[in-house]
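Everything on this sheet refers to the single structure shown next.
Hydrogens, waters and symmetry mates play no part in the numbers below; they use all other heavy atoms, side chains included.
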Amino acid sequence: RDRVSTQSTWDQQKDYARLQHDVWRNLTRPCGYSGIIRVRTSKGIRVKGYNGHFLSQDPLDMDVAAVSSDSVYCVELKHDEKLDPKEQVYFQAAMLYTNREGHRRIRVHTLRCTISSTLPNLFRNADLDATVASLSRTTVIKSIASGMTAAREQLTLANIGILTAYRRNCASNPSAGQLILPEALKLLPIYSLALIKGNTFRQGTDVRIDERVQELFELQTLRVSQVLPWVYPRLFPLHLMSASAGLYDEQRGAVVLPTTEVGSSEKINSTGVFLMHDLPSRHIFLWIGERVNNKVMQFLFNVDTAEALDDATLETTASERVCNIIKELKRQRNDVADTVRVLREKRDPLESIFLQRLVEDRSPNGIWSYVEYLCYIHRHIQNKLS
């Protein structure tokens with residue numbers, strides 16, 4: 001078992017389908033048993049450590065009682081010697097396991113990568129998804145070993161270290177008062193702040209312990225492609241969506257989603273309708289302002305007022321384009337059943353979760369806004385350089 005599921009806002013009518021899906025998924029997903037996983041590397045690089053749900057009796061191997069199609073493991077690598085840029089480096093992951101029929105099987109994946117000897121090339125080709133996924137996992141380990149405060153500090157120090165290295169080695173004649181961010185990692189600070197503000201690492205006693213534990217588990221099992229939308233929920237202003245949003249694109253083979261908006265209360269207004277896909281709580285929130293025009297309601301949902309909308313019937317009464325958007329968000333999460341909740345401004349208790357997930361605002365408990373966090377990082381970078 002590598003996933004923990006909670007139903008903290010349980011409602012029989014609204015959440016039964018999600019519970020049913022969770023049970024069905026765990027019983028039917030592809031699975032192997034009694035597995036041993038090892039990662040090998042070519043000369044000059046070695047495995048420093050593994051991260052994930054496993055038992056390690058040998059530092060070179062991961063022993064897993066069960067491994068499924070949802071299992072994810074993080075491998076930390078270390079340079080042992082200088083690498084020749086003219087050569088290539090190789091990685092191989094091998095897993096020996098028993099399938100459901102009781103037969104022993106082996107699966108092997110091999111990866112070949114080019115080598116760069118310059119930091120500008122390293123930063124230019126950095127992978128933001130993988131970087132945030134790796135940092136989130138090391139922060140989880142730190143929180144378990146040393147507590148939440150130390151974990152938050154470690155995450156911020158990692159940002160400072162990465163951006164200081166870029167400023168010192170890659171930026172050309174920067175202004176002393178300017179914060180320089182590498183193009184590939186320019187959003188690293190906001191995703192780090194979103195992690196700090198989430199239920200996983202947020203300070204205070206308002207987070208239920210079962211919700212915090214679930215998110216600690218989930219951060220260690222998320223696919224790399226799901227980490228960024230999990231950390232920073234996507235916010236769609238439906239009242240401003242383009243003519244193509246909600247329609248099927250044959251070239252892409254998917255429904256076109258509306259343009260996203262930044263997660264700030266400055267972008268939320270009482271005349272708008274916003275859709276937020278909050279992966280940690282497994283909700284698709286539909287927030288409706290108290291002063292939305294009746295024409296907007298009729299266009300989006302085929303009703304005149306927000307009171308006429310219902311969670312259970314929303315996906316059948318709403319316009320075809322809105323239904324397509326919700327279905328596309330669910331399709332992208334094919335292993336999880338998210339629940340749609342209608343939130344009427346200042347009238348629904350779950351609105352507090354929606355507002356809390358606007359991570360670019362300053363939190364009521366004093367956690368930075370995004371601008372304040374950038375200023376904090378910038379000051380520490382300047383101190384390091386001076």
Side-chain angles (χ1 to χ4, degrees), residues 8-9 128 132 135-136 139 148-149 151-153 155-156 158-160 163 179 181 185-208 211-212 215 219 227-241 257-292 329 341-380:
S8 56
T9 56
L128 179 62
V132 175
L135 286 176
S136 66
T139 306
M148 294 299 168
T149 300
R152 292 191 295 269
E153 291 176 354
L155 181 57
T156 299
N159 276 259
I160 294 170
L163 298 179
L179 177 61
L181 301 174
L185 299 177
K186 63 182 180 182
L187 296 180
L188 179 61
I190 184 56
Y191 284 113
S192 298
L193 179 61
L195 272 171
I196 292 172
K197 287 188 170 187
N199 287 346
T200 319
F201 305 113
R202 190 170 81 244
Q203 62 189 24
T205 58
D206 59 320
V207 182
R208 293 162 56 104
E211 293 176 359
R212 194 187 295 275
E215 293 196 11
L219 265 180
V227 171
L228 297 189
W230 191 93
V231 171
Y232 188 116
R234 289 178 291 177
L235 182 67
F236 305 98
L238 296 186
H239 59 290
L240 298 176
M241 63 181 182
L257 295 177
T259 303
T260 56
E261 186 58 272
V262 297
S264 171
S265 58
E266 294 181 358
K267 303 298 181 180
I268 305 295
N269 60 76
S270 296
T271 61
V273 178
F274 295 86
L275 190 72
M276 175 187 284
H277 194 190
D278 185 35
L279 274 61
S281 69
R282 298 174 63 185
H283 283 116
I284 298 175
F285 292 123
L286 181 67
W287 185 91
I288 303 174
E290 58 185 355
R291 294 189 292 113
V292 176
L329 293 175
R341 290 292 179 92
V342 177
L343 305 179
R344 300 163 185 86
E345 184 180 8
K346 300 177 182 178
R347 280 183 285 174
D348 285 277
L350 286 180
E351 185 183 23
S352 60
I353 300 178
F354 174 87
L355 297 176
Q356 178 187 300
R357 295 297 283 154
L358 300 174
V359 297
E360 299 201 16
D361 293 336
R362 183 177 177 83
S363 300
N365 56 3
I367 303 179
W368 301 288
S369 68
Y370 181 38
V371 173
E372 291 171 338
Y373 190 60
L374 286 177
C375 292
Y376 179 83
I377 289 176
H378 190 204
R379 285 198 303 271
H380 280 268

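With no hydrogens or angles considered, no side-chain donor-acceptor pair links Tyr373 and Glu360 at under 3.5 Å. Judged by distance alone, the side chains of Asp278 and Ser281 do bring a donor and an acceptor atom under 3.5 Å apart. Side chain to side chain, Ser369 and Asp361 fail the donor-acceptor criterion of an N or O pair below 3.5 Å. Side-chain contact, Glu345 with Trp287: no donor N or O sits under 3.5 Å from an acceptor N or O.
Scanning both residues, Leu193 and Ile367, for their nearest heavy atoms gives CD1-CG2, 4.4 Å. Nearest heavy-atom pair, Ser192 versus Asn159, reported as atom, atom and distance to 0.1 Å: OG-ND2, 2.8 Å. Ala151 and Phe201 get closest at one heavy-atom pair: CB-CD2, 4.4 Å. Looking at every heavy atom in both residues, His277 comes nearest to Ile284 through CD2-CG1, 3.5 Å. Between Thr259 and Pro237, the shortest heavy-atom distance links the atoms O-CD, 3.2 Å.
Remark: side-chain polar atoms of Lys197 are paired, donor with acceptor, to backbone N or O of Val359 under 3.5 angstrom. Listed for the His239 side chain is no donor-acceptor partner under 3.5 Å among the backbone atoms of Gly272. A donor-acceptor pair under 3.5 Å is formed between the side chain of Thr156 and the backbone N or O of Arg152. Checking side-chain atoms of Arg212 against main-chain N and O of Arg202 turns up a donor-acceptor pair under 3.5 Å.
By the 4.5 Å heavy-atom criterion applied to side chains, Pro280 and Arg357 are counted as neighbours. Asn269 has its side chain out of reach of Arg291: every pair of non-hydrogen atoms, C-beta onward, lies at least 4.5 Å apart. The shortest side-chain heavy-atom distance between Ile268 and Leu358 falls under the 4.5 Å cut-off.
Taking the six-membered ring for Trp and the full ring otherwise, the centers of Phe354 and His283 sit at least 6.0 Å from each other.
Using cut-offs of 30° and 60° on the angle between ring planes, the pair Tyr232 and Tyr191 is perpendicular.
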### Message
Run Glu290 and Lys346 through salt bridge (Lys or Arg N to Asp or Glu O under 4.0 Å) and show every step you take.
### Response
CA-CA 8 Å; Glu290 58 185 355; Lys346 300 177 182 178; 3.5 Å; yes

**Request:** Report the C-alpha distance between Thr139 and Leu195 in whole Å, list the side-chain angles of each, state the deciding distance to 0.1 Å, and finish with yes or no for side-chain contact (heavy atoms from CB on, under 4.5 Å).
**Result:** CA-CA 9 Å; Thr139 306; Leu195 272 171; 5.6 Å; no

Quiz item: Run the side-chain contact (heavy atoms from CB on, under 4.5 Å) check on Phe236 and Arg234 step by step: do they pass?
Solution: CA-CA 7 Å; Phe236 305 98; Arg234 289 178 291 177; 3.8 Å; yes

